[in-house]
Amino acid sequence: MAILDRIQLQKATTFRLGVSELSENQVQVALWQQGASRCQLCLYEHGKKQKITMKSMKESGIQDVFSVILTGEQLVERMNGLEYDFIIDGKHVTDPYAKEISGREHFGKPKKHVYGRFYFSQFDWTGEKWRPLPEHEMVMYQCHMRGFTKHASSGVRTPGTFAGLQEKIPYLKDLGVNTIFPLPIYDFDECMRDEERNLTGKVNYWGYSRDAFYFAPKAGYSSGKTSAVLELKTLIKALHQNNMNLILDMYFVDQTPEFILECLRYYVLEFHVDGFRINQESMDTSWLRMDPVLSHTKILGGNWGRQLENRKKPVCYEINDGFLVDARRFLKSDEGQVANIYKRFWEQRDGVGLIHYITQNNGFTLRDLISYDVKHNEANGERGRDGTEYNYSWNCGAEGPSRRKQVLRTRQQQERNAFAMLILGMAVPMLLAGDEFGNSQKGNNNAYCQDNVTTWLDWRMLERNQKTHGFVKELLAFRKKHPLYHQKRHLTGLDTKGRGAPDVSCHGREPWVIDFSYTSRKLGILFYGGYFDGRSLYFAFNFHWDEQEFYLPDVDNSKEWKILVDTAEGGKKRIEDGVYTMPARSIAVFESVCNRPAEAGRKNKKGSKKKT
């Protein structure tokens, strides 16, 4: 083989698994295989194969590790891109530490052979402007790297790829999101093989798989014009140049803590990734919080409890279905939800960042949440046995697509309600890609195996749902500029500084009268301006099926309220003598303004002046 001419072999003395570049003339290769007795490195070039026997490192006190150092003039340059694997006791094995994978370039097509590929290329990060976003600035956006741009309507040059997402950065920035959270983008085997569950031949579209090479960006998400490694780095550099972050979803199965730590460090140091979500059962996550590299990134997990609250700067973020369940139940006017929503809407914790969402990849899209009472997973071929039965959804009067005007009006209002509850709360909001323009999966709440138009975003819907898209943009712009969401201190629900009112307080139909009864569907939340910049915000929620009068609180005798947001269409939309009539199932947001003499005071409709 031309590349391997005059290569010399040396015994390795350092312990580092995978492929390591020691110098421009030396490459070390090492593999750990428990219980193995013999290991050979196989190098492939133009259909030819050469085997190199690797030595055991037992003499160095390292059991079950085989290694070799390859030496030759300009060897790194000559080996770059070369395919390799191992033969262990007669069986071919792909390097679990491979930085690139060959054989999975075409998504969804079964592969006969999968090899590692040597990768030594450097990347120019000049001009990157890498800035990890603080908690109060984050707006997350979950998407599928392939499905985000795979549809022909996306208009990108290379649909379904890292480069395709990069082309959509202007759209994402204009929308107002800044933390991209894709489903797994490491190299997994999407071709499922499970005859017992009748899954053989299906596509694992999401990527949560046992058969994965975690160090290698997925070759099937590359445009093919360059390597997946280079294309992903180029995407991340472009995101950082636009003051955006990338958080990776890492689903580890049967991996050692050492492997997980090294893998995550690799993505931070080599790709400048800003954080990770990991399945917490895979390792003791305290290791991540104490790691010199990972302790400065964002670590997302399902439930951190209270053990981290002594930290001022969040490293760990809690991302679970708690808000999803409460918000969906309140949205559909279930009983007994007012107290839960009050707590969820303003809750913050020292040392633990909270991430809220109403939809995510696993479940209904937002448009389906307000269009279907039950799941419709027939296309999955599992006879309806897959997907959760607990969707907490309401179809607004008709199952699936409808032309009835009342149904459509109710759905549009419920859509706005959901976005208002999500985006205007104090926790970090996470949107599901496409929700902002009415993406639907036709009622499929478990589209894990649908690599088709069911899961590919139809960008034509953006033009058809401009009002929804515009509403989301307005809410995100409001969140970005309003000082309530950018305070250094967390809210307590108390008047800790003696400014006349708690920083946040709960109200009912009348000011200062809390109604947490089982049948209550009305809630008022006051964020007192004395704790940020003097402009108080009042959120009124009416999820009764009839209109209700809300009496707005007096927060300062020299101030009145103006309407910022009302999710209902029609209605009076004016405040009369301190009272606002709210249509059924609607949310309104008010801001205090100073437009009258301080001594004038104000009375509510019942004639009683409220004092704070």
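The residues of the chain are indexed from 1 along the displayed sequence. If you're wondering where the values come from, they're calculated on a predicted model, not measured in any experiment.
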Could you tell me whether the side chain of [Y] reaches within less than 4.5 Å of the side chain of [X], counting heavy atoms only?
X	Y	value
Leu70	Gln28	no
Gln142	Leu183	yes
Asp254	Arg210	yes
Asp187	Arg104	yes
Thr161	Tyr221	no
Gln280	Trp304	yes
Lys51	Ile87	yes
Leu82	Arg117	no

**Prompt:** Step by step, would you call Asp249 with Arg277 a salt bridge (charged side-chain N to carboxylate O under 4.0 Å, His left out)?
**Reply:** CA-CA 5 Å; Asp249 195 347; Arg277 178 172 74 172; 2.8 Å; yes
Is there a donor-acceptor pair under 3.5 Å between the side chain of [X] and the backbone N or O of [Y]?
X	Y	answer
Asn444	Ala447	yes
Ser154	Thr149	yes
Thr285	Leu288	no
Gln441	Thr365	no
Lys375	Gly387	yes
Asp211	Asp189	no
Arg265	Asp291	no

**Message:** What verdict does the salt bridge (charged side-chain N to carboxylate O under 4.0 Å, His left out) test give for Glu105 and Lys111, after you've listed the backbone C-alpha separation in whole Å, the side-chain angles of each residue and the deciding distance to 0.1 Å?
**Reply:** CA-CA 9 Å; Glu105 289 79 7; Lys111 298 86 182 171; over 6 Å; no
Flag yes if more than 12 heavy atoms outside [X] fall under 6.0 Å of its [atom1] atom; otherwise flag no.
X	atom1	answer
Tyr251	OH	no
Arg38	CZ	no
Glu281	CD	yes
Arg16	CZ	no
Gln34	CD	no
Glu378	CD	yes
Arg157	CZ	no

What distance separates [X] [atom1] from [Y] [atom2], expressed to the nearest 0.5 Å?
X	Y	atom1	atom2	answer
Gln63	Ser56	CD	OG	7.0 Å
Leu230	Lys225	CG	NZ	13.0 Å
Asp274	Arg131	CG	CZ	10.5 Å
His272	Leu246	NE2	CG	13.0 Å

**Item:** Lys218 NZ/CZ over Phe188 ring centroid, <6.0 Å and within 45° of normal
**Value:**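 Flagged: Lys218 positioned over aromatic ring of Phe188.
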**Message:** Is the terminal nitrogen or CZ of Lys99 (NZ for Lys, CZ for Arg) located under 6.0 angstrom from the six-membered ring centre of Tyr266 and within 45° of that ring's axis?
**Reply:**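 So Lys99 does make the cation-pi contact.
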**Residue pairs passing the side chain to side chain donor-acceptor pair (under 3.5 Å) test where at least one lies in residues 168-183, sequence neighbours excluded** =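 Side chain to side chain donor-acceptor pair (under 3.5 Å) check on residues 168-183 returns Tyr171-Glu436, Lys173-Asn242, Asp174-Lys473.
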Ignoring hydrogens and angles, state whether a donor on the side chain of [X] or [Y] is under 3.5 Å from an acceptor on the partner side chain.
X	Y	value
Asn446	Asp386	yes
Asn465	Arg367	yes
Trp206	Asn362	no
Asp458	Asn439	no
Ser440	Asp368	yes
Tyr208	Asn279	no

**Asked** Is Glu59 salt-bridged to Lys11, cutoff N-O under 4.0 Å?
**Response** yes
**Working for ring pair (Phe, Tyr, Trp, His ring centres under 6.0 Å), residues Phe181 and Tyr141** = CA-CA 6 Å; Phe181 178 45; Tyr141 190 83; over 10 Å; no
**Message:** Run the side-chain hydrogen bond (donor to acceptor under 3.5 Å, both in side chains) test on Thr359 and Asp435 for me, step by step, so that the C-alpha distance in whole Å, both residues' side-chain angles and the decisive distance to 0.1 Å come before the verdict.
**Reply:** CA-CA 9 Å; Thr359 55; Asp435 275 355; 2.4 Å; yes
For [X] and [Y], I'd like to know if the aromatic rings sit close, meaning centre-to-centre distance below 6.0 Å.
X	Y	result
Tyr84	Phe118	yes
Trp459	Phe437	yes
Phe215	Tyr186	no
Phe86	His92	no

Where is the tightest heavy-atom contact between [X] and [Y], given as atom of each residue plus distance?
X	Y	result
Leu354	Tyr317	N-CD2, 4.5 Å
Gly438	Met461	O-CE, 3.8 Å
Gly224	Glu231	N-OE1, 4.4 Å
Met57	Thr14	CE-O, 3.6 Å
Thr388	Asn445	O-ND2, 2.8 Å
Cys143	Ile180	SG-CG2, 4.0 Å

**Request:** Please test Glu270 against Lys233 for salt bridge (charged side-chain N to carboxylate O under 4.0 Å, His left out), starting from the C-alpha separation and ending with a verdict.
**Result:** CA-CA 8 Å; Glu270 284 294 320; Lys233 288 182 177 181; 3.3 Å; yes
**Message:** I'd like to know whether Met250 forms a side-chain contact (heavy atoms from CB on, under 4.5 Å) with Leu264, so could you lay out the CA-CA distance, the side-chain angles of the two residues, the decisive distance to 0.1 Å, and finally the verdict.
**Reply:** CA-CA 9 Å; Met250 305 295 292; Leu264 299 184; 3.9 Å; yes
**side-chain hydrogen bond (donor to acceptor under 3.5 Å, both in side chains) involving Gln450 - partner list, sequence neighbours excluded** = Asn380, Asn452
